[in-house]
Protein chains: 2
Amino acid sequence: MIKITTKIRYAIRLLIFLAQHEGEMVFLKDVSEKENISFKYLEQIIPYLKNSGLILSKRGARGGYILAKKPSQITIKEIVQSIEGPIAIVECVASSEYCNRSNNCVPNKLWKKLNEQISDTLETITLEDLMLNRISMEVS
Amino acid sequence: MIKITTKIRYAIRLLIFLAQHEGEMVFLKDVSEKENISFKYLEQIIPYLKNSGLILSKRGARGGYILAKKPSQITIKEIVQSIEGPIAIVECVASSEYCNRSNNCVPNKLWKKLNEQISDTLETITLEDLMLNRISMEVS
DNA sequence: ACTATTCATATGGTTTTAGTAGGAATTGAA
DNA sequence: TTCAATTCCTACTAAAACCATATGAATAGT
């Protein structure tokens, strides 16, 4: 049902790598090799992160990528949203017009609750938290 | 990324319908018509619910379906799991052998946390809660 | 015998996922 | 000025998942 795609997982690993090399320009080739992720696939993920203002790039030889913000200011939610847009586990959670049942739809509230919970969790966790292994397993 | 499939949503609506007609044998045809869900698709969902012991059936004319347990004893988690098996937003959350990185995998903890949170939420909500519209939006 | 229902299984179209591939554009350095 | 290293851009594809539709057999009540 609820699957995290490789795009999102790779994006996070890429960004953690950048966070671990804060201040340096990092070649995608290095990320690909060290993280063992397809270079060409990574290249496809990059534009989302650029467009969302999470990373900056420099072209040409000795180019590379660098975080646009401090790791503490990048939430997992931002990363996810940069790739997949608004978080909506069902369409009717995002757009109320989607389903004519939505007025008296019993399950709707369930999906809304679950959706908010996921969204909230992802928002409270930053790249820095991941980097420092600072994820508590207690439910907030 | 994170989508609730129609199978799950239809299953829940089907079960709510059964809950609303507790004690009676219900025809799938009625569910299909009242809930406006493809009859043939519903038929495909039924076996999962039967195998998990959520519903009972009676064949032949005047047959039908009925809940096998009280609505208060059926959790959403059970319903989801009956259709999709164990809840695992990434494979490495379920089986630790899946990925050789899992020892020192930074994001793993994040997925584990999110997975547990989703799992917990679905477990605390029963069919009865849905039926009585008893879903609080506060994060538990 | 007839009808209404569940049960079993096969088939198919569309979308998403997870890549691969080729080459253009840019830049630094020799 | 040339070369090499890098990002950027776009097209393509195989496989899986999703969302059904279709056909008919088995069963049971009337």
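So that the names make sense, note that chain A is the first sequence line, chain B the second, and so on, each numbered from 1. When reading the values below, keep in mind they use all heavy atoms of this one structure, side chains included, and skip hydrogens, waters and symmetry mates.
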Asker: Tell me, please, the opening and closing nucleotides of DNA chain D, 5' to 3', among those with an atom under 4.0 angstrom from a non-hydrogen atom of chain A.
Answerer: D:dA5 to D:dA11

Asker: How many Å lie between CD1 on B:I55 and C1' on C:dC7, as a whole number?
Answerer: 12 Å

Asker: Mind calculating the distance between CD (B:E43) and P (C:dT11) to the nearest angstrom?
Answerer: 18 Å

Asker: Of the residues in residues 58-70 of chain B, which ones touch DNA chain C at a heavy-atom distance under 4.0 Å?
Answerer: B:K58, B:R59, B:G60, B:A61, B:G64, B:Y65

Asker: Reckon B:S57 has a side-chain N or O less than 4.0 Å from the OP1 or OP2 of C:dT6?
Answerer: no

Asker: Take the protein atom NZ of B:K3 and the nucleotide atom C1' of C:dT17, then report the distance between them rounded to whole Å.
Answerer: 14 Å

Asker: Using whole Å, report how far CG of A:L42 lies from P of C:dA21.
Answerer: 16 Å

Asker: By the definition side-chain contact (heavy atoms from CB on, under 4.5 Å), identify the one residue from B:L130, B:T126, B:I79 that meets it with B:I74.
Answerer: B:I79

Asker: Checking only heavy atoms, does the side chain of A:K40 share a donor-acceptor pair with the base of C:dG23 at less than 3.5 Å?
Answerer: yes

Asker: Separation of A:I4 atom CD1 from C:dA18 atom P, in whole Å?
Answerer: 11 Å

Asker: Hey, does A:Q81 have a side-chain heavy atom less than 4.5 Å from the side chain of A:I87?
Answerer: yes

Asker: Should A:K70 and A:E22 count as an ion pair when the cut-off is N to O under 4.0 Å?
Answerer: no

Asker: In this structure, how many angstroms lie between the P atom of C:dT27 and the CZ atom of A:F27, rounded?
Answerer: 15 Å

Asker: Are A:E43 and A:K40 close enough for a salt bridge, meaning some N to O gap below 4.0 Å?
Answerer: yes

Asker: Are more than 12 heavy atoms, taken from residues, nucleotides or ligands other than B:K112, located less than 6.0 Å from that residue's NZ atom?
Answerer: no

Asker: Are there over 12 heavy-atom neighbours, none belonging to A:N133, within less than 6.0 Å of that residue's CG?
Answerer: yes

Asker: May I have the distance from A:N36 (atom CG) to C:dG19 (atom P), rounded to whole angstrom?
Answerer: 11 Å

Asker: Rounding to an integer number of Å, can you tell me how far B:D30 CG sits from C:dA4 C1'?
Answerer: 12 Å

Asker: Looking only at the side chains, is there a donor atom on one of A:T121 and B:Q117 sitting less than 3.5 Å from an acceptor on the other?
Answerer: yes

Asker: Which residue pairs pass the salt bridge (Lys or Arg N to Asp or Glu O under 4.0 Å) test when at least one of the two sits in residues 50-69 of chain A, sequence neighbours left out?
Answerer: A:K69-A:E78

Asker: Is the number of heavy atoms from other residues, nucleotides or ligands under 6.0 Å of B:Y48 OH greater than 12?
Answerer: no

